[in-house]
Number of protein chains: 2
Amino acid sequence: MATGRTHRPATRSRGIPEATVARLPLYLRALTALSERSVPTVSSEELATAAGVNSAKLRKDFSYLGSYGTRGVGYDVEYLVYQISRELGLTQDWPVVIVGIGNLGAALANYGGFASRGFRVAALIDADPAMAGKPVAGMPVQHTDELEKIITDNGVSIGVIATPAGAAQQVCERLVAAGVTSILNFAPTVLTVPDGVDVRKVDLSIELQILAFHEQRKAGEGAAAEAASAAERGSAVGAAEVDAADADADADVDAPEADSAAANRKGPDGDVPAVMPA
Amino acid sequence: MATGRTHRPATRSRGIPEATVARLPLYLRALTALSERSVPTVSSEELATAAGVNSAKLRKDFSYLGSYGTRGVGYDVEYLVYQISRELGLTQDWPVVIVGIGNLGAALANYGGFASRGFRVAALIDADPAMAGKPVAGMPVQHTDELEKIITDNGVSIGVIATPAGAAQQVCERLVAAGVTSILNFAPTVLTVPDGVDVRKVDLSIELQILAFHEQRKAGEGAAAEAASAAERGSAVGAAEVDAADADADADVDAPEADSAAANRKGPDGDVPAVMPA
DNA sequence: ATGTCTTTGTGAACGCGTGCACAAAGATTG
DNA sequence: CAATCTTTGTGCACGCGTTCACAAAGACAT
């Protein structure tokens, strides 16, 4: 997410809610699969299942695009593929540059899914002079010095940042200055960009942390009901949890000493007891 | 959101809203940086800026954790780092397995950010016999046959799927059957999992498509008012120029959108972004 | 044509998340 | 100790997004 600005009337880009836009690619993928199997039509129910969403939601999403379905029958697969593609702007060519050709950048460059939908890798850019000219994914890596020229010459408006965190903001600024208005950021940093520039971030570490949170919750909660089975699974919860009923189960076991922080605070909180994984 | 499956009805895992949980890692990162600079305290305003969010939101988020701030002063950095880490479950060790050691899988294995927060790569698994034993990121790749044993022996509860789309569901099922309850999916497929299992997905293709949508909108908009180059992306969106009759729905050539800037990520849960290939 | 059956499209209710604005709490100064 | 200043914590209102539930629309059979 971008930092510079943060608010906006929740932008309904054109009457199409942001949440819906985020789901369109999902529908498109499911539809494409159906199309390849030559399925002529699908009901909202079937398509919703394939896309992993609720059918009512899907119908409402489609209603923002227009009335493309036929009552009693469903949606014409081919037609819908076309409409969604057009709506997403996939009927045109989108040259993309990837900056930072390390492990991740190289993996992205090799990713086939790129080209499959109108996205074309126009160039791979890296700051390391040693990388210059070296072929990655059948394409020579170019030095950062060329960045502006590349962007301009190829009319690139979408940039992918896969550099180390420390270089991200600077690269971002150069990209924006050169004309890029959409950025996909893989570096673990908050990018600050001017208005009008879209930033989406992909952060591995954050995703894992969110999973860990839920995992921890699950471990603490199942502990009570967990008599003996699966004792080897790293979830030997402390006996402190008398009743971890789902209600609000807020078994407060005080937190261990303020650790490195000698603060004298006392959180009204403190929860999960010691869990010890392998 | 993260999965194609519906976990609990937006259950507040423990009184902590999902949206807040998704931001905690962001705060943690900003706090860690401050900690390394030996900054003792921060105000909600400073921290919010560093994390790229609104200060009111940050304060509200923290209020779900408890009252850890001091009015008139701010928050104790070290203490907050500890509290958030504990809340996220990062004070414990989380063994993780990565299945599918292709370009992406290898990149993930080499990703340093993994270990930095309690996540330890316990094993790299691939179905290709030729890969077996081959060292990646200083660790021998193991064959899929060993999957169940690895999960059990290491008490792994978090799995990362970086296989091709076609193999994802099957791998997912084996992981779950073996005891994994949280999955980070990089394969472009909707995974179906039983209740109690969390799935978060990272899909590069989807992220790019969302950017393309906004990019297209921006282009169309600029075309209409091309006069002023690319400098008027005001935030004072005049609702005035809303698209023509909303009922158009047809105009194949597509009408330029109205509205302005674009929303960065959002998403109830997730909003969160997630992305990637396979 | 008429009736029945299927599936869409959507009005309305509801819940979550966001942001404002301010009272309360504590630090700080005189 | 009182006054002032700073910053937190939160009540409240608002809007987006989700879901339900159903009328409308069309296909299909008789």
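Protein chains get the first letters and strands the later ones, always in sequence-line order, with residue 1 at the start of each.
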(request) Compare all side-chain heavy atoms of Tyr27(A) with those of Leu58(A) and state whether any distance is below 4.5 angstrom. (result) yes
(request) May I have the distance from Glu46(B) (atom CD) to dT6(D) (atom C1'), rounded to whole angstrom? (result) 12 Å
(message) Using every non-hydrogen atom in the two residues, find where Arg117(B) and Arg29(B) come nearest and quote the distance to one decimal.
(response) NH2-CA, 4.2 Å
(request) Report the nucleotide, chosen from dG9(D), dT18(C), dG17(D), that has the shortest atom-to-atom distance to any side-chain atom of Pro17(A). (result) dG17(D)
(message) What's the closest nucleotide to the side chain of Asn54(A) if the choices are dG9(D), dC20(D), dC20(C)?
(response) dC20(D)
(message) If I take atom NZ in residue Lys57(B) and atom C1' in nucleotide dG15(D), what distance separates them, rounded to the nearest angstrom?
(response) 14 Å
(message) Within the 4.0 Å heavy-atom criterion, would you say Tyr75(B) contacts the bases, only the backbone, or no part of the nucleic acid?
(response) sugar-phosphate
(request) Find the distance Leu58(A):CG to dT19(D):C1' and express it as a whole number of Å. (result) 14 Å
(request) Find the distance Tyr64(A):OH to dG11(C):P and express it as a whole number of Å. (result) 10 Å
(message) Closest-nucleotide mapping onto DNA chain D: is Thr20(A) or Gly72(A) further toward the 5' terminus? I mean the 5' end.
(response) Thr20(A)
(request) Can you figure out which of dT10(D), dT8(D), dA24(D) approaches the side chain of Arg71(A) most closely? (result) dA24(D)
(request) Please determine, for the side chain of Thr70(A), which listed nucleotide (dA27(D), dA25(D), dA21(C)) has the closest atom? (result) dA27(D)
(message) Are Tyr79(A) and Tyr68(A), when compared by the centres of their aromatic rings, separated by less than 6.0 Å?
(response) yes
(request) Using atom CG of Leu80(A) as one end and atom C1' of dT8(C) as the other, report the distance to the nearest whole Å. (result) 13 Å
(message) Looking at Lys218(A) and Gly196(B), would you say the former's side chain and the latter's main chain have a donor-acceptor pair under 3.5 Å?
(response) yes
(request) Can you tell me the distance, in whole Å, between the CD atom of Glu45(B) and the P atom of dT8(D)? (result) 8 Å
(message) With nearest nucleotide decided by heavy atoms, which residue, Val73(A) or Lys60(A), maps closer to the 5′ end of DNA chain C?
(response) Val73(A)
(message) What I'd like to find out is whether the side chain of Leu31(A) reaches to under 4.5 Å of the side chain of Val42(A), using heavy atoms alone.
(response) yes
(request) Check whether any side-chain nitrogen or oxygen of Ser43(A) sits under 4.0 Å from OP1 or OP2 of dT7(C), and answer yes or no. (result) no
(message) Distance check needed: dT8(D) P versus Asp76(B) CG, whole Å only.
(response) 13 Å
(message) Output the rounded distance in Å from CZ (Arg59(A)) to P (dA24(D)).
(response) 16 Å
